[in-house]
Chemist: 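Got a structure here, written out as structure tokens. Questions coming.
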Amino acid sequence: MPSLSYGYFGPPGTFTHQALLLIAGEEDRLLPFRSVVAALDAVRAGEIDAAFVPIENSLEGGVSATLDYLADDSQPLMIRREVLLPVQFALCVRPGTVRADIRSVLTHPHAAAQTRLWVARHLPRAVVTEGPSTAGAAVEVSDPDSAHDAAICARIAGEMNGLEILADGIADNEDAVTRFVVVTSPAPPPPATGADKTTLVAYMRVDRSGSLLGILEQIAGHGVNMTRIESRPTKQALGSYCFSIDAEGHLDDPRMQETLTGLHRVCSRVTFLGSYPRADRQAPILDEGQTNEAYAEAQAWLQGLRYGG
Ligand SMILES: O=C(O)C(=O)Cc1ccccc1
């Protein structure tokens with residue numbers, strides 16, 4: 001396989017970096033970017049082959065910065081792969097700092113949200129400040145002049161920056177998983193595997209009632225199961241919303257094709273953001289009438305009727 005350049009949400013030591021190391025080849029170039037937006041912009045500008053960014057976590061739901069910027073279809077992008085990473089947070093300090101000294105903690109908003117209870121119980125006097133990334137927090141705290149006493153980050157980020165690990169495994173929910181995606185310029189989706197996911201944004205018609213129901217009818221009516229649905233403002237006007245959706249199935253599956261064409265008919269706009277293999281390889285549970293074979297058989301029957309039965 002030819003080597004690829006990946007821009008990831010950095011700096012080195014972020015959870016995003018660790019998730020990327022699970023899939024990158026030895027020859028690939030991994031380039032840290034300061035933000036999700038900067039990494040996606042670099043794909044749009046053709047400076048890198050792919051961006052690797054967080055898109056969802058099991059406690060907070062979708063990552064708005066990623067979802068919104070992906071959906072901006074003035075310069076379309078496409079998701080080609082997903083990766084799941086169980087995340088473990090560590091409390092890291094400059095050597096010599098003890099827990100009682102900690103007044104100010106720096107971390108990424110997602111890490112702050114996922115360690116809130118632990119911090120309230122174990123560092124009741126500390127103020128948590130949200131910064132650009134967990135690894136960036138470790139870099140900042142490693143500076144002896146830093147205003148912050150501790151970073152919440154991956155153990156590896158603490159170690160890379162010469163910090164001491166005061167506590168590890170401090171997530172409020174030990175099963176927290178974050179989902180990351182590989183994003184490229186538009187290209188035909190990777191082949192269907194039978195256990196795929198499709199990501200799309202459906203813009204509802206604001207001028208009539210029942211728009212959301214119309215979207216759901218298309219999805220449920222074709223036997224497609226959603227794994228995520230979030231409403232996001234379109235940013236065009238107050239009260240104007242779209243729905244960011246992940247659903248089981250591939251663009252090549254007839255039930256997904258019927259869903260997409262149905263959505264195209266009932267929505268003011270539909271942005272297709274990619275079909276790609278599910279990281280957990282879980283195939284959908286389909287009713288008898290919703291399999292690809294059932295669709296092919298029904299199509300053959302219809303053709304037969306058109307030629308006189
Ligand atoms: O800041 C990081 O390390 C990231 O990659 C974003 C993030 C933060 C917390 C959990 C998962 C991903």
Side-chain angles (χ1 to χ4, degrees), residues 5-22 24 29-43 47-48 50-57 59-60 62-69 83 85-95 97 101-116 118-119 123 126-171 176-183:
S5 54
Y6 284 102
Y8 67 91
F9 175 56
T14 54
F15 290 102
T16 311
H17 185 203
Q18 290 178 61
L20 176 56
L21 291 172
L22 297 176
R29 280 194 311 137
L30 312 189
L31 307 163
F33 280 79
R34 280 187 62 81
S35 65
V36 167
V37 167
L40 295 179
D41 272 346
V43 177
E47 289 160 14
I48 49 175
F52 191 74
V53 292
I55 191 168
E56 183 184 6
N57 76 63
L59 285 185
E60 297 273 278
V63 177
S64 312
T66 306
L67 292 171
D68 292 355
Y69 211 56
V83 178
L85 183 78
V87 285
Q88 281 295 346
F89 300 101
L91 180 72
C92 303
V93 294
R94 286 182 292 281
T97 306
D101 295 338
I102 299 175
R103 293 282 177 279
S104 172
V105 178
L106 184 63
T107 192
H108 181 271
H110 283 246
Q114 294 182 54
T115 54
R116 199 156 278 143
W118 190 93
V119 171
L123 303 170
V127 172
V128 178
T129 305
E130 297 183 352
S133 72
T134 57
V139 173
E140 160 71 32
V141 168
S142 70
D143 178 348
D145 296 328
S146 172
H148 304 287
D149 309 308
I152 294 177
C153 55
R155 169 180 272 273
I156 181 111
E159 287 166 357
M160 282 165 68
N161 290 285
L163 300 180
E164 203 170 283
I165 318 297
L166 274 194
D168 202 355
I170 66 169
V177 173
T178 300
R179 176 174 160 237
F180 301 84
V181 285
V182 175
V183 177

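Quick caveat, the model's predicted, so the values are computed rather than measured. All residue numbers refer to positions in the sequence shown, counting from 1. Just so it is clear, the values below take in all heavy atoms, side chains as well, and ignore hydrogens, waters and symmetry mates.
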Chemist: Nearest heavy-atom pair of Ala39 and Gly7: which atoms, and what distance?
Modeler: CB-O, 4.0 Å

Chemist: Within this structure, what is the CZ-SG distance for the pair Phe89 and Cys153, rounded to the nearest 0.5 Å?
Modeler: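 The SG atom of Cys153 is 10.0 Å from CZ of Phe89, to the nearest 0.5 Å.
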
Chemist: Test Val128 against Thr107 for side chain to side chain contact (heavy atoms under 4.5 Å, CB included), laying out the working first.
Modeler: CA-CA 7 Å; Val128 178; Thr107 192; 4.1 Å; yes

Chemist: Considering all heavy atoms of both residues, which atom of Val36 and which atom of Pro54 are nearest to each other, and what is their separation?
Modeler: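 Here Val36 and Pro54 meet closest at CG2-CD, 4.1 Å.
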
Chemist: Taking the side chain as every heavy atom from C-beta outward, state whether Leu40 and Val183 have any pair of such atoms under 4.5 Å apart.
Modeler: yes

Chemist: Compare every heavy atom of Ser5 with every heavy atom of Leu31, then report the nearest pair and how far apart it is.
Modeler: CD1-CB, 4.5 Å

Chemist: Between Leu166 and Ile102, is the side chain to side chain contact (heavy atoms under 4.5 Å, CB included) condition met? List the steps.
Modeler: CA-CA 11 Å; Leu166 274 194; Ile102 299 175; 3.9 Å; yes

Chemist: Which distance, rounded to the nearest 0.5 Å, do you find between the CD of Glu47 and the CZ of Phe33?
Modeler: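 Rounded to the nearest 0.5 Å, the CD-CZ separation comes to 6.5 Å.
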
Chemist: Quick one: CG on Asp41 to OH on Tyr69, what's the gap to the nearest 0.5 Å?
Modeler: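 Going from CG on Asp41 over to OH on Tyr69, the span is 3.5 Å.
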
Chemist: On a heavy-atom basis, which atom in Ala138 and which in Ala157 lie closest, and how many Å separate them?
Modeler: CB-O, 3.8 Å

Chemist: Got a sec, which residues hit side-chain hydrogen bond (donor to acceptor under 3.5 Å, both in side chains) with Asn57, two or more places apart in sequence or on another chain?
Modeler: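 With sequence neighbours excluded, Asn57 shows a side-chain hydrogen bond (donor to acceptor under 3.5 Å, both in side chains) to His110, given in chain and number order.
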
Chemist: Give me each pair satisfying salt bridge (Lys or Arg N to Asp or Glu O under 4.0 Å) with a member in residues 153-167, each pair once, sequence neighbours excluded.
Modeler: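 Applying salt bridge (Lys or Arg N to Asp or Glu O under 4.0 Å) to every pair that reaches into residues 153-167, excluding sequence neighbours, yields Arg155-Glu159, Arg155-Asp168.
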
Chemist: Is there a side-chain contact between Phe15 and Thr178, using heavy atoms and a 4.5 Å cut-off?
Modeler: no

Chemist: Going through the distances and angles, do Val53 and Val181 end up as a side chain to side chain contact (heavy atoms under 4.5 Å, CB included)?
Modeler: CA-CA 6 Å; Val53 292; Val181 285; 4.0 Å; yes

Chemist: What's the shortest heavy-atom distance between Thr129 and Ser104, and which atoms?
Modeler: OG1-OG, 4.3 Å

Chemist: Atom CD1 of Ile152 and atom CG of Leu106: how far apart are they, to the nearest 0.5 Å?
Modeler: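 Taking CD1 in Ile152 and CG in Leu106, the distance rounds to 9.5 Å.
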
Chemist: Excluding sequence neighbours, so at least two apart, what forms ring-ring contact (aromatic ring centres under 6.0 Å, His included) with His148?
Modeler: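 Residues passing ring-ring contact (aromatic ring centres under 6.0 Å, His included) with His148: none at all.
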
Chemist: Write out all pairs satisfying salt bridge (Lys or Arg N to Asp or Glu O under 4.0 Å) with one or both partners inside residues 129-144, taking only residues at least two apart or from two chains.
Modeler: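 Residue pairs with at least one partner in residues 129-144: there are none.
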
Chemist: Quick check: closest heavy atoms across Gln18 and Ala154, and the distance to 0.1 Å?
Modeler: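 Between these two residues, the closest heavy atoms are NE2-CB, 3.1 Å.
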
Chemist: Would you call Trp118 and Leu91 a side-chain contact if the rule is heavy atoms closer than 4.5 Å?
Modeler: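 Touching, per the 4.5 Å side-chain cut-off.
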
Chemist: Mind checking the CZ-CG spacing from Phe9 to Leu20? Nearest 0.5 Å is all I need.
Modeler: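 The distance works out to 13.5 Å.
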
Chemist: Would you give the length of the straight line joining atom OG1 of Thr14 to atom CD1 of Ile156, rounded to the nearest 0.5 angstrom?
Modeler: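 Reported value, rounded in 0.5 Å steps: 11.0 Å.
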
Chemist: Output all residues satisfying side-chain contact (heavy atoms from CB on, under 4.5 Å) with Arg34, sequence neighbours left out; order by chain, then residue number.
Modeler: Pro132

Chemist: With sequence neighbours left out, write down each residue that passes salt bridge (charged side-chain N to carboxylate O under 4.0 Å, His left out) with Arg94, or none if nothing qualifies.
Modeler: none

Chemist: Quick one, Leu21 and Leu30 - any side-chain contact, counting heavy atoms below 4.5 Å?
Modeler: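 With C-beta onward as the side chain, the pair touches.
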
